[in-house]
Amino acid sequence: LEEGLIFEIGRAEVCGVDLPVPEGRSERLGGLRRAEAPDLPGLSEPEAMRHYVRLSRMNYGIDSGLFPLGSCTMKHNPRLNEKMARLAGFADLHPLQPVSTVQGALELMRQLSRQLLALTGMAAVALPPKAGAHGELTGMMAIKAAHRAHGRNRTVVLVPESAHGTNPATAALIGYEVRALPARPDGTVDVETVRAALSPDVAALMLTNPNTCGLFERDIVEIAAAVHAAGAYFYCDGANFNAILGKVRVADLGVDAMHINLHKTFSTPHGGGGPGAGPVVLSPALAPFAPVPALVEQDGALTLVETEGAPGAEQALGRMSAFHGQMGMFVRALAWMLSHGADGMRQASEDAVLAANYVRASLMDLLSAPFAERPAMHEALFDDSWLAGTGITTLDVAKALIDEGYHPMTVYFPLVVHGAMLIEPTESESKASLDLFIGALRDLAMAAKAGDMARFLGAPHYAPRRRLDETRAARAPMLRWVRPPSQAAE
Amino acid sequence: LEEGLIFEIGRAEVCGVDLPVPEGRSERLGGLRRAEAPDLPGLSEPEAMRHYVRLSRMNYGIDSGLFPLGSCTMKHNPRLNEKMARLAGFADLHPLQPVSTVQGALELMRQLSRQLLALTGMAAVALPPKAGAHGELTGMMAIKAAHRAHGRNRTVVLVPESAHGTNPATAALIGYEVRALPARPDGTVDVETVRAALSPDVAALMLTNPNTCGLFERDIVEIAAAVHAAGAYFYCDGANFNAILGKVRVADLGVDAMHINLHKTFSTPHGGGGPGAGPVVLSPALAPFAPVPALVEQDGALTLVETEGAPGAEQALGRMSAFHGQMGMFVRALAWMLSHGADGMRQASEDAVLAANYVRASLMDLLSAPFAERPAMHEALFDDSWLAGTGITTLDVAKALIDEGYHPMTVYFPLVVHGAMLIEPTESESKASLDLFIGALRDLAMAAKAGDMARFLGAPHYAPRRRLDETRAARAPMLRWVRPPSQAAE
Amino acid sequence: MRYLPLTPEDRAEMLARVGVPAVDALFADIPAGTAMTALPDLPLAQGEWEVERALSRLAARNMAAGSVPFFLGAGAYRHHVPASVDHLIQRSEFLTSYTPYQPEIAQGTLQYLFEFQTQVAALTGMEVANASMYDGSTAAAEAVLMAHRVTKRRKALLAGNLHPHYRATIETVSRYAQDTVAARPAQPDGDADLIGAIDDTVSCVVVQSPDVFGHLVDLKPIAEAAHKAGALLVAVVTEAVSLGLIEPPGAQGADIVVGEGQSLGNALNFGGPYVGLFATRLKYVRQMPGRLAGETVDAEGRRGFVLTLSTREQHIRREKATSNICTNSGLCALAFTIHLTLLGQRGLTRLAQLNHDAACDLADRLAGVPGVEVVNATFFNEFTVRLPAPAARVVDLLAARGILAGVPYSRLAPGAGLDDLLLVAATEVTTPEDRAAYAAALAETLAELCR
Amino acid sequence: MRYLPLTPEDRAEMLARVGVPAVDALFADIPAGTAMTALPDLPLAQGEWEVERALSRLAARNMAAGSVPFFLGAGAYRHHVPASVDHLIQRSEFLTSYTPYQPEIAQGTLQYLFEFQTQVAALTGMEVANASMYDGSTAAAEAVLMAHRVTKRRKALLAGNLHPHYRATIETVSRYAQDTVAARPAQPDGDADLIGAIDDTVSCVVVQSPDVFGHLVDLKPIAEAAHKAGALLVAVVTEAVSLGLIEPPGAQGADIVVGEGQSLGNALNFGGPYVGLFATRLKYVRQMPGRLAGETVDAEGRRGFVLTLSTREQHIRREKATSNICTNSGLCALAFTIHLTLLGQRGLTRLAQLNHDAACDLADRLAGVPGVEVVNATFFNEFTVRLPAPAARVVDLLAARGILAGVPYSRLAPGAGLDDLLLVAATEVTTPEDRAAYAAALAETLAELCR
């Protein structure tokens with residue numbers, strides 16, 4: 001059975017919510033009453049349930065099977081955390097209630113901050129950013145604010161070629177010129193490359209660590225020192241923080257600012273693409289510039305400083321959004337942290353790294369793994385040289401993996417290797433699950449080498465849809481449903 | 001991907017629940033400590049989530065599509081009701097807490113009772129029975145108790161041939177001889193048949209109304225009068241109460257006892273086969289014999305009479321189970337009743353009946369509908385005479401319906417028609433959904449008549465499993481997993 | 001109405017197809033004079049928010065167990081259930097499906113029932129278990145009926161320390177089935193002379209362990225005596241977690257084990273729904289009540305599961321069925337199975353030990369309260385104390401102080417002359433602070449009462 | 001640890017395959033001296049029950065909005081969300097999936113995003129909408145950046161009655177992007193002279209309606225003036241439900257509409273996560289930030305959906321992207337879409353009317369309190385009252401009495417000299433009893449304060 005759109009199956013006169021009949025009091029709309037009801041067909045509750053349950057069954061989630069999207073950290077989402085986030089004492093709080101009525105919520109934010117600071121060794125944390133890229137923006141603004149406060153006008157940000165696209169986009173958004181840094185042959189950034197690129201114009205280096213090739217930047221301490229010596233700041237992209245929880249504190253590496261994706265490392269659900277949460281940790285040099293609202297303790301009670309320039313936020317960089325941040329995600333992340341504890345978090349990182357190395361070691365003979373002379377961190381990178389001459393592409397392999405019952409890995413990222421396949425198994429997989437996945441990939445690799453083209457070119461064969469025409473979608477975009485002319489608007 | 005059993009994928013050393021290390025206090029087990037841990041492999045939480053999510057995806061539920069199981073009343077299960085049943089003030093109450101601490105729970109039971117009494121017009125209701133068959137048992141025990149109280153020793157119970165199997169099983173369980181009554185050609189029981197069968201030995205008549213052929217027993221008032229005139233009681237099987245909510249009160253029909261399946265009429269979820277709830281309403285003649293615990297009001301507070309013979313339960317028939325009944329189901333059922341209200345409940349019955357008649361009317365030209373001279377109640381009955389000569393059976397049609405994306409109807413019940421197909425669409429289906437279902441059945445009917453055997457005999461083709469060998473299962477029953485001899489018990 | 005998809009226009013079109021002018025024509029078979037002309041005297045439809053508010057207010061009028069120090073047991077136990085359990089049982093495909101009559105699209109239900117059966121068998125030490133019963137007490141009543149079928153005798157002997165509600169449930173069914181029940185009197189210090197009451201008229205001996213007072217009962221000599229007399233031993237377990245620490249009835253010679261499975265996966269729910277466990281020896285399987293899932297293969301030879309041996313059941317056998325039960329406790333069984341899968345043998349053993357430790361600690365604390373005597377030498381997570389005042393009165397006074405102190409035996413069996421006994425349970429969610437608060441409050445209350 | 005499936009044996013086998021003796025060998029690239037030798041100074045692992053208890057205690061220290069009469073708005077509104085919404089968004093396949101990079105197995109997500117886009121477009125009266133933003137305030141900031149791109153100007157004009165937090169969010173981004181913001185002062189009685197401030201250096205005029213004080217703003221003349229000056233009109237809606245009753249910005253000439261979608265489907269959540277709405281005209285679609293789902297066909301010609309126009313985005317365009325946003329608010333958008341699907345146009349209109357009625361009633365009641373002046377002539381479900389005492393002080397006193405009375409304007413804009421203003425909202429869940437209790441308590445509190 002195919003599932004129509006709500007605009008096709010719904011009807012204007014149907015309503016799945018029972019509401020009392022309005023009394024129709026004297027209207028105070030000043031003549032701005034809507035002339036025409038919006039064209040929004042309704043569904044009764046049973047119809048709506050069925051519609052969305054059916055849609056859900058066309059999706060793949062972590063609970064459906066291994067979800068090896070590299071750099072996305074698709075780990076187990078404990079349902080305890082969902083339950084905690086829904087406690088009325090958290091979910092049913094208005095952000096502007098008197099602070100005396102939200103002391104438990106503020107205490108939760110403080111506990112979350114303490115966890116993040118202990119794990120990173122940093123001086124301060126700003127909780128408001130709503131996602132990783134928003135955290136990057138906050139961190140880079142803090143850097144710009146710091147330069148301004150010191151009267152420095154610097155214009156350039158250095159970004160390695162392997163970086164996430166958000167890094168250059170963020171730097172450019174706030175007016176920086178982006179300069180790309182190449183990697184050395186082993187996939188990491190050489191301190192000499194950084195030194196050569198540094199100049200009095202350079203405001204910051206943005207470096208992902210572990211990087212998007214799944215490697216730990218082993219010169220990072222020297223790099224940080226060079227950056228600092230040049231009067232610049234060191235921004236670390238924390239997307240891959242999951243690999244190093246409890247193994248190293250980024251403060252000890254010389255980092256000045258790093259965002260943390262709570263939806264990756266701390267397992268708040270990805271939700272089909274959000275909501276995320278991207279708190280930023282800051283070094284002593286940047287801490288004064290943290291945005292408002294800021295959490296402070298006054299006379300034994302917690303309160304929020306909500307205006308820049310107010311006492312406690314004299315140098316604040318400004319405000320990143322309307323309220324205090326993603327409270328729902330804070331609850332989930334703290335529940336994850338408390339559940340794991342210091343010991344469990346370190347174990348999680350170790351298991352994630354072990355799993356990635358295990359996958360790499362188990363596939364190295366059939367696939368081609370660049371940079372394999374270094375230990376992988378929590379993801380295993382392959383390129384497409386093993387497919388040379390087969391007529392099969394990385395994309396074909398990804399789609400064929402769907403037919404094996406798996407979500408594909410990240411493909412064509414990072415850009416620095418050709419036809420990249422980036423596999424992040426996370427710590428949530430059992431060895432049996434990893435072995436099955438490895439087996440499926442080995443089987444596919446052998447089929448590719450044996451020339452079984454049909455298995456790849458037409459894939460997926462066993463998904464709710466065959467391969468979709470993305471070119472057509474982009475060429476003549478259809479971005480909303482439009483009522484066919486034959487149907488009078490109801 | 002196939003999903004193994006937990007005994008195959010789990011491991012003895014794995015545990016998905018973190019518990020503190022026991023202090024190991026002085027043991028007071030009197031030498032009865034378990035010698036060997038039970039052979040119960042564990043799964044970590046992520047593994048367990050995945051296992052059961054995958055199993056769920058091999059199931060079909062109401063939210064997957066129309067679920068036309070006749071006599072089972074598979075209607076929409078509102079999620080509000082699930083939420084309400086989980087309120088700590090209901091779910092986290094011990095049945096033996098002091099009654100002063102559970103007044104809200106007792107009030108809920110009173111409100112539920114009031115609803116059931118208003119809908120049936122009866123004198124009393126016993127909430128404890130845990131399912132329909134348990135309600136039947138309670139009602140029939142009340143009848144036996146009443147006869148005993150009046151010094152009557154009656155031994156026979158009359159049951160129409162079309163009755164649910166639970167009716168004769170229940171009567172037999174408490175020592176009654178079951179005598180079957182035939183139906184007249186229009187599918188209902190003739191009052192003359194009943195009169196002829198009545199004798200001083202007859203303790204009760206058990207009659208389902210609307211009956212399992214989906215018809216209202218139109219002689220029911222005369223039948224009740226005849227039963228009463230013979231000194232017997234009239235038990236009504238309330239499985240099909242869904243058809244007549246707010247349309248007629250069973251008290252006005254002369255019923256002495258009727259169980260009500262809260263999981264059918266009042267939409268507490270079927271849950272893959274339970275839990276149910278089967279309160280019994282009783283006439284004034286039977287009310288004194290209701291089982292304990294009974295809800296009574298004393299000095300403005302509610303309390304429970306928990307012991308037979310105690311004041312308020314002097315003639316109680318006894319106790320049906322350990323506690324007061326299916327509280328979780330009571331909450332859900334009351335939420336359903338309050339949501340619908342008197343108006344919505346009547347509308348629900350009308351819609352359910354209309355939907356069944358609509359299905360019957362839309363298929364009558366292709367399928368064969370016995371008893372079609374009478375209006376159907378909430379289910380439409382077909383037999384297999386339309387399949388005559390095709391080599392296709394009712395079962396084949398049911399399995400072919402799976403391939404069309406539907407759960408099959410009830411088949412081979414009631415027994416009084418050959419190759420019965422009993423379709424109950426319920427009030428939860430939209431007209432569009434009914435039309436699709438009708439279309440699928442029409443299409444199958446035409447295929448059957450056209451001799452498209454492959455579509456039927458091999459069906460289902462598109463289900464998680466092809467047709468299963470039930471004979472083999474029964475001949476050499478394998479009722480539990482057994483560790484293969486090759487694996488040492490861990 | 002939000003749950004009813006049909007619009008007035010839909011209804012009109014459908015009536016036209018059916019060929020009647022109005023829906024009341026479809027109800028024409030309702031006898032004249034009985035059809036309702038007015039709506040029932042009940043409130044009209046309400047929105048979701050109004051219903052939620054009304055029920056939330058009722059819920060708020062109860063003292064939730066988790067909101068106070070809590071010590072009740074007597075057949076229903078408060079344990080922590082992982083959030084994942086409740087999430088999983090609410091998956092549409094589990095929650096809203098029915099008895100798996102069509103196995104091809106119900107493998108999810110059938111496989112978990114097969115897992116449940118295997119787990120229950122392992123837990124109880126038996127060979128085979130069914131797919132669940134309503135609850136422990138009705139399972140016990142069914143066990144007695146089954147013992148009658150197996151032995152062709154019709155008299156059950158009940159140990160004195162069987163939970164009084166279980167006893168009443170068995171007695172009620174037996175009374176109407178015209179069977180005999182010989183029930184021994186309660187013996188708070190242990191029913192030592194049970195064996196002497198066994199004779200060859202008895203179909204079964206029904207023994208609970210831990211018994212209602214919490215004593216652990218050595219079943220082996222009872223089993224021997226029963227078997228010698230040609231009777232079956234029916235063992236009753238009201239606290240499934242105890243099987244993590246205590247020798248299972250199957251290893252002690254029981255022929256049928258019935259139990260209450262609520263402790264695993266299920267909330268207290270004010271008494272229901274719960275999940276009955278029922279296990280027996282393979283040789284009796286065809287006399288067993290209730291549904292059974294069995295393994296088989298499909299047309300392509302793949303393993304699959306079906307309901308089987310249904311020829312015992314009422315929808316086939318009608319009045320000759322082994323029982324009248326058709327609904328079981330599917331969803332509660334699923335919760336049980338998921339919780340037990342998460343625990344595994346390691347977790348279950350540890351959970352049981354934590355329960356025992358908590359109870360030992362509580363017993364020591366209460367024994368230190370002046371005037372209080374702990375009756376038990378053995379127990380699992382529940383024991384009995386003898387108070388210098390009526391237990392029901394003490395419980396009421398402590399409830400008023402915000403402590404739910406236990407179950408007075410007189411609540412279960414009024415008039416038994418045991419009004420000074422209080423059943424007290426502790427589980428893994430009972431904190432040391434709770435236990436200390438209880439002992440202190442009990443001491444104060446008794447001091448006031450006995451002043 | 002319950003979330004970690006690997007056992008010590010598994011780890012040993014895996015290490016052997018990898019060819020290292022211990023896991024620390026895999027961390028060898030961590031520079032010497034920085035690798036942690038001790039665990040972080042944080043508590044050790046805790047069981048689920050311990051975590052649940054700790055967090056429940058924190059939750060209990062807050063005054064939940066639903067537990068008291070509640071009147072806060074100012075950009076976040078308390079509405080009733082049907083239980084089915086929260087159930088559906090917790091389906092594993094929605095909750096635990098990721099951005100639909102692989103459309104063949106993400107049609108569920110893609111189709112609901114397409115439905116969301118269509119709904120937002122219909123609601124706002126615009127031609128096209130994206131698949132959601134972080135929240136309303138960040139959407140507003142993105143709208144300004146987009147207006148700069150479209151007009152190639154870099155100065156935004158903000159109406160005086162824009163929510164101060166939205167203004168601060170826009171100003172912050174603009175400051176770092178080296179753009180200019182001209183923000184007019186707040187005008188509690190309505191920003192009448194906005195049009196006069198529009199000139200041809202301005203890329204856009206940002207106007208909120210209902211504005212922060214609750215006034216409904218006629219956007220048509222502003223749109224005209226803006227267009228005449230070559231600028232865009234950016235309309236801001238902080239209460240999505242208002243669009244059920246009020247003429248949509250699209251019909252009034254807005255070029256970009258941004259909004260906060262929290263009111264539909266989402267809880268208050270102490271400020272997040274929320275869901276930003278972003279809609280514009282078709283001609284600007286390639287300048288729009290955020291993800292977009294589009295319709296296409298698969299290899300068999302069946303309709304399907306994909307993420308499209310991603311050449312605007314940062315993972316392709318890097319520093320030339322239209323925005324740095326990659327995560328949106330998928331799950332909150334799903335909640336919005338399900339709630340709106342349940343409402344349909346009939347339900348939404350009724351819901352909006354109920355909100356307006358409740359606010360009208362509340363305004364009348366508060367206007368009757370001595371010393372209180374209702375500032376607004378027009379409003380939807382929120383309005384402003386002028387008090388004879390500092391609003392923050394009054395709110396604190398009423399909170400102590402168990403009434404959450406509204407948002408003092410001074411909380412949003414301290415030092416603006418508007419300390420006597422209180423923003424007050426009422427929705428469909430505000431009962432007449434709540435409103436009466438509020439008016440009575442306010443009267444008493446003011447009487448005490450001004451005595």
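Chain naming here is simple, since letters A, B, ... match the order of the sequence lines and numbering starts at 1 in each.
- Relative ring orientation between C/Y98 and C/Y101 is described as perpendicular, the plane-to-plane angle rising above 60° on a 0-90° scale split at 30° and 60°.
- For B/E429, the part sitting under 4.5 Å from any heavy atom of chain C is the backbone (N, CA, C, O) and nothing else.
- Interface remark: of the candidates B/A463, B/G325, B/S321, B/S321 forms the most heavy-atom pairs closer than 4.5 Å to chain C.
- In this structure, chain C has a heavy atom under 4.5 Å from the side chain of B/T307, while its backbone stays farther away.
- Residue B/V102 touches chain C through both its backbone and its side chain, counting heavy-atom pairs closer than 4.5 Å.
- Residue contact with chain B, scored on non-hydrogen atoms closer than 4.5 Å, involves the backbone and the side chain of C/F94 alike.
- Only the side chain of C/P82 has a heavy atom closer than 4.5 Å to any heavy atom of chain B.
- Ranking B/A133, B/A361, B/G42 against chain C, the residue ahead of the rest is B/A133, based on heavy-atom pairs under 4.5 Å.
- Of the residues considered (B/V14, B/I220, B/V221, B/V53), B/V53 shows the highest number of contacts with chain C, using heavy-atom pairs under 4.5 Å.
- With a 4.5 Å cut-off on non-hydrogen atoms, C/L145 touches chain B through its side chain but not through its backbone.
- The contact between C/D361 and chain B is made by backbone and side chain atoms together, counting heavy-atom distances below 4.5 Å.
- Residue contact with chain C, scored on non-hydrogen atoms closer than 4.5 Å, is absent for B/L215.
- Judged by distance alone, the side chains of B/Q347 and B/D343 never bring a donor and an acceptor atom under 3.5 Å apart.
- Considering only heavy-atom pairs separated by less than 4.5 Å from chain C, the leading option among B/E306, B/E470, B/E27 is B/E306.
- Using a 4.0 Å cut-off between charged nitrogen and carboxylate oxygen, C/E171 and B/R319 do not count as a salt-bridge pair.
- For the residue pair B/R33 and C/Q353, a side-chain donor N or O sits within less than 3.5 Å of a side-chain acceptor on the partner.
- For C/L88, the part sitting under 4.5 Å from any heavy atom of chain B is the side chain, from C-beta outward, and nothing else.
- Contact of C/L15 with chain B is made through backbone and side chain together, with heavy-atom distances under 4.5 Å.
- The contact between C/V306 and chain B is made entirely by side chain atoms (from C-beta outward), counting heavy-atom distances below 4.5 Å.
- Using a 4.5 Å cut-off between heavy atoms, C/S132 does not touch chain B at all.
- Heavy atoms closer than 4.5 Å to chain C are found in the side chain of B/H51, but not in its backbone.
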message = Between B/D469 and C/T296, is the side-chain hydrogen bond (donor to acceptor under 3.5 Å, both in side chains) condition met? List the steps.
response = CA-CA 6 Å; B/D469 188 345; C/T296 186; 4.8 Å; no
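- Of the two parts of B/E23, the backbone and the side chain both hold a non-hydrogen atom closer than 4.5 Å to a non-hydrogen atom of chain C.
- Chosen from B/D252, B/D92, B/L108, B/L55, the residue pairing most often with chain C at heavy-atom distances under 4.5 Å is B/D92.
- Of the two parts of C/T349, only the side chain, counted from C-beta on, holds a non-hydrogen atom closer than 4.5 Å to a non-hydrogen atom of chain B.
- Using a 4.5 Å cut-off between heavy atoms, C/A293 touches chain B through its backbone atoms (N, CA, C, O) alone.
- Both the backbone and the side chain of B/A474 come within contact range of chain C, with heavy atoms under 4.5 Å apart.
- The main-chain N or O of B/G104 is never found under 3.5 Å from a side-chain atom of C/R57 such that the two would form a donor-acceptor pair.
- In summary, B/K431 and C/E13 engage in a salt bridge, as defined by a charged side-chain N under 4.0 Å from a carboxylate O.
- If you measure heavy-atom distances from C/I338 to chain B, the contacts under 4.5 Å come from both the backbone and the side chain.
- Taking the six-membered ring where tryptophan is involved, the planes of C/F379 and C/H356 are tilted, since the angle between them lies from 30° to 60°.
- For chain C, the nearby part of B/L69 is the side chain; its heavy atoms alone come within less than 4.5 Å.
- Using modelled atom types, no side-chain atom of C/R17 and backbone atom of B/S362 make a donor-acceptor pair closer than 3.5 Å.
- In this structure, chain C has no heavy atom under 4.5 Å from any part of B/M337.
- Top candidate by heavy-atom pairs under 4.5 Å with chain C, chosen from B/G271, B/G318, B/G16, B/G61, is B/G271.
- Contacts of B/L338 with chain C are made by both backbone and side-chain atoms, with heavy-atom separations under 4.5 Å.
- Of the atoms belonging to B/N77, it is side-chain heavy atoms, and not backbone ones, that fall under 4.5 Å from chain C.
- Rounding to the nearest 0.5 angstrom, the gap separating the CE atom in B/M84 from the CD atom in C/E52 is 4.0 Å.
- For C/A74, the parts sitting under 4.5 Å from any heavy atom of chain B are the backbone and the side chain alike.
- For B/F67, the part lying under 4.5 angstrom from a heavy atom of chain C is the side chain only.
- Annotation: cation-pi geometry not satisfied between B/K144 and C/Y176 (NZ/CZ under 6.0 angstrom from ring centroid, within 45° of ring axis).
- When heavy atoms are compared at a cutoff of 4.5 Å, C/V23 approaches chain B solely by way of its side chain, counted from C-beta outward.
- Of the atoms belonging to C/A251, not a single heavy atom falls under 4.5 Å from chain B.
- Under a cut-off of 6.0 angstrom, the local environment of CZ in C/R346 is sparse, with at most 12 non-hydrogen atoms contributed by other residues, nucleotides or ligands.
- Ion pairing between B/E308 and C/R175 holds under the 4.0 Å rule for side-chain N and carboxylate O.
- A distance-only check finds a donor-acceptor pair linking the side chain of C/T118 to the backbone of B/W481 [under 3.5 Å].
- C/E48 CD to B/L80 CG: the interatomic distance, rounded to the nearest 0.5 Å, is 4.5 Å.
- For B/H340, the parts lying under 4.5 angstrom from a heavy atom of chain C are both the backbone and the side chain.
- Looking at C/T341 and B/Y52, their side chains do bring a donor and an acceptor atom within 3.5 Å of each other.
- With no hydrogens or angles considered, no side-chain donor-acceptor pair links B/N59 and B/S56 at under 3.5 Å.
- Using a 4.5 Å cut-off between heavy atoms, B/P291 makes no contact with chain C at all.
- Side chains of B/H94 and C/R78: no donor on one and acceptor on the other come within 3.5 Å.
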